[in-house]
Participant: 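For reference, the structure I am asking about is given below.
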Amino acid sequence: MFDADLFQDTSNRIYMKKLAIHTCVSFIARTISQSEFQVREKGEHKKDELYYRLNVRPNKNQTASTFWENIINKLIHDNEALIIKTDDDDLLVADTFTHNEYAVFEDTFADVTVKEYTFKRVFKQSEVLHLKYRNERLAPLIDGLYADYGDLFGRILNSQKRKNQIRSTVKVDGITGKNKEVLSKLQDFINKMYQAVGEKDIAIIPEQPGFEYKEHFSGSGNGIQSVEELNKVTGGFFDQVALALNIPLALIKGEMADVEKVTKNYMLYTINPLLKKIKDEINSKFFSKDEYLTNSKIMIKAISYQSIFDLATAVDKLRASGLMNGHEIRDELGLERADDPLLDKYFITKNYQETSEALGGGENNEAI
């Protein structure tokens, strides 16, 4: 006689999948949420309603950092994210929506739902911010990858459990086993005894007539080795997810070797392309073509992995060589322009004299 409860399939270790995806996506989301969205009007910094919405309070219920983390999470998980603007200028991230695509006409978005509220109106493409992550959805790729890693993880875990399992046998007198009422009481006693053995440091089991309890420890497994095997599987899946999202493994694992170089690559190949998508979408929806061509646009200042003091020598060389003026350097650093006409001029040599003076004769020429 076989008991079906004794057999089970390899279980899906869904928490391994969620942990890897959540860790990697949150890593990117936290990086982007620290960016500053700068509004430029003909090259000049402007702090207006749009600046406040993008950097401080997009809507009544979210701060800017939470708002952008939510967008990046949806963008990577769902491969697209939709941001709508309400009548009172709130920016909301849609939870679900229906995207109607057209070849020639403007796309539309219907059944837009935010939390429990569904908008009755249909939004046009020009009225929303619609972001797409990549051409192919990432979720099926990760699901396919996890199907192999999850099965391997489950098999190793179950195997190690069996190797280190404490097995018990209960010998019951044949005469006692014929009485159903006695068997029921005996089963209750076994359950309480099993609970006491599993939970208490010291378990005292009273001897019963016609009842014999015996434990068999299968200690053939190596505990340290089993943990290492499980860590290799989970680490392997984690590495594959990080690579799929273009996150350097050394950076997300906290390795300190060449951290500046690794961070630079992460910002260049992972964060900047995402910021470019966001910047292009905002500029195309909030600014006209003429405004953009006259330097009225959104600029995004990403979080810097270098302090301004680390860049001081390079800034000094750019200024002293006459390659850039003060305002151009401040723009590259993401700083606001200062009301100083001297910053509009170009200087050359280490004496910071004007270019015209450096090219002229006399005493100034001797100082070059």
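Keep in mind that this is a model prediction, so the values were computed, not measured.
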Participant: Identify every side-chain donor-acceptor pair in residues 292-300 under 3.5 Å, counting partners at least two apart or on other chains, and give the distances.
Facilitator:
residue : atom : partner : partner atom : Å
Thr294  : OG1  : Asp290  : O            : 3.0
Thr294  : OG1  : Glu291  : O            : 2.9
Ser296  : OG   : Lys42   : N            : 2.9

Participant: CG of Leu54 to CG of Leu91: how many Å apart, nearest 0.5 Å?
Facilitator: 6.5 Å
Participant: Measure the spacing between CD1 of Ile278 and CH2 of Trp68 and express it to the nearest 0.5 Å.
Facilitator: 5.0 Å
Participant: Rounded to the nearest 0.5 Å, what separation is found between the CG atom of Leu245 and the CG atom of Leu274?
Facilitator: 9.5 Å
Participant: Taking the six-membered ring of Phe123, is the NZ or CZ of Arg121 close enough (under 6.0 Å from the centre) and on axis enough (within 45°)?
Facilitator: yes
Participant: Can you name the side-chain contact (heavy atoms from CB on, under 4.5 Å) partners of Thr313, sequence neighbours left out?
Facilitator: none
Participant: Do you know which two heavy atoms are closest between Val128 and Lys285, and how far apart they sit?
Facilitator: O-NZ, 2.8 Å
Participant: Ignoring hydrogens and angles, tell me if any N or O in the side chain of Asp78 forms a donor-acceptor pair with the backbone of Glu80 under 3.5 Å.
Facilitator: no
Participant: May I ask you to decide if Tyr51's main-chain N or O and Asn55's side chain share a donor-acceptor pair within less than 3.5 Å?
Facilitator: yes
Participant: Which pair of heavy atoms, one from Arg319 and one from Leu342, lies closest together, and at what distance?
Facilitator: NH2-O, 3.5 Å
Participant: Of all heavy-atom pairs between Ser65 and Ser33, which one has the smallest distance, and what is that distance?
Facilitator: O-CB, 3.6 Å
Participant: Does Thr270 use its side chain to pair, donor to acceptor, with the backbone of Asn246 at less than 3.5 Å?
Facilitator: yes
Participant: Return the CD1 to OG1 distance between Ile271 and Thr263, rounded to the nearest 0.5 Å.
Facilitator: 11.0 Å
Participant: Any chain of hydrophobic side-chain contacts (each under 4.5 Å) joining Phe67 to Ile84?
Facilitator: no
Participant: Name all residues meeting the side chain to side chain donor-acceptor pair (under 3.5 Å) criterion together with Asn73; count only those two or more places apart in sequence or in a different chain, and write none if there are none.
Facilitator: none
Participant: Hey, are Glu328 and Tyr346 close enough side-chain-wise for a donor-acceptor pair under 3.5 Å?
Facilitator: yes
Participant: What residues, two or more places apart in sequence or in another chain, satisfy side-chain contact (heavy atoms from CB on, under 4.5 Å) together with Lys115?
Facilitator: Asn61, Asp95
Participant: Between Lys47 (side chain only) and Val39 (backbone N and O only), is there a donor and an acceptor less than 3.5 Å apart?
Facilitator: no
Participant: Measuring only between side-chain heavy atoms, which start at C-beta, is Thr108 closer than 4.5 Å to Glu101?
Facilitator: no
Participant: Could you tell me whether the side chain of Arg57 and the main chain of Lys60 form a donor-acceptor pair under 3.5 Å?
Facilitator: yes
Participant: So, do Met267 and Ile303 sit near enough that their side-chain heavy atoms are less than 4.5 Å apart?
Facilitator: yes
Participant: Treating Ile, Leu, Val, Met, Phe, Trp and Tyr as nodes and any side-chain heavy-atom pair under 4.5 angstrom as an edge, say whether Val112 and Val93 lie in one connected cluster.
Facilitator: no
Participant: Please report the closest heavy-atom contact between Asp340 and His327, naming both atoms and the distance.
Facilitator: O-CE1, 3.9 Å
Participant: Quick one: does any side-chain atom of Gln34 pair with a main-chain N or O of Arg30 as donor and acceptor, under 3.5 Å?
Facilitator: yes
Participant: Are any non-hydrogen side-chain atoms of Ser35 and Leu275 less than 4.5 angstrom apart?
Facilitator: yes
Participant: For residues Gln62 and Asn70, report the shortest heavy-atom separation together with the two atoms involved.
Facilitator: NE2-ND2, 3.7 Å
Participant: Between His77 and Val25, is the side chain to side chain contact (heavy atoms under 4.5 Å, CB included) condition met? List the steps.
Facilitator: CA-CA 8 Å; His77 279 111; Val25 173; 4.2 Å; yes
Participant: Holding to side-chain contact (heavy atoms from CB on, under 4.5 Å), I want the full list of residues that pass it with Ser284, two or more places apart in sequence or in another chain.
Facilitator: Glu281
Participant: Do Phe119 and Phe109 have side-chain heavy atoms sitting under 4.5 Å apart?
Facilitator: no
Participant: Considering residues at least two apart in sequence or located in another chain, which fulfil the side chain to side chain donor-acceptor pair (under 3.5 Å) criterion with Glu44?
Facilitator: none
Participant: Following the transitive rule for hydrophobic clusters with a side-chain heavy-atom cut-off under 4.5 Å over Ile, Leu, Val, Met, Phe, Trp and Tyr, establish whether Phe286 and Leu82 coincide in one cluster.
Facilitator: no
Participant: Could Asp239 and Lys253 be called an ion pair, given the rule that one side-chain N must be under 4.0 Å from one carboxylate O?
Facilitator: yes
Participant: Relative to each other, are the rings of His130 and Phe97 parallel, tilted or perpendicular (30° and 60° limits)?
Facilitator: perpendicular
Participant: Is it true that Ser126 and Glu106 share a donor-acceptor pair across their side chains at a distance under 3.5 Å?
Facilitator: yes
Participant: Given side chains that start at C-beta, do those of Ile28 and Ile76 come closer than 4.5 Å, heavy atoms only?
Facilitator: yes
Participant: State, with a plain yes or no, whether a side-chain heavy atom of Leu343 is found less than 4.5 Å away from one of Arg330.
Facilitator: yes
Participant: Under a 3.5 Å distance rule, please check whether Thr118 uses its side chain to pair with a backbone N or O of Val114 as donor and acceptor.
Facilitator: no
Participant: Can you measure from NZ (Lys301) to CD (Glu36) and round to the nearest 0.5 angstrom?
Facilitator: 6.0 Å
Participant: Would you compute the distance between atom CG of Asn59 and atom OG1 of Thr86 and round it to the nearest 0.5 angstrom?
Facilitator: 8.0 Å
Participant: Mind listing the closest non-hydrogen atom pair of Ala81 and Ile71 along with its distance?
Facilitator: CB-O, 4.0 Å
Participant: Are Leu92 and Ile282 linked, directly or through other ILVMFWY residues, by side chains that come within less than 4.5 angstrom of each other?
Facilitator: no
Participant: Identify whether the distance between the nearest side-chain nitrogen and carboxylate oxygen of Lys85 and Asp90 falls below 4.0 Å.
Facilitator: no
Participant: What do you reckon, is NZ of Lys261 surrounded by more than 12 foreign heavy atoms closer than 6.0 Å?
Facilitator: no
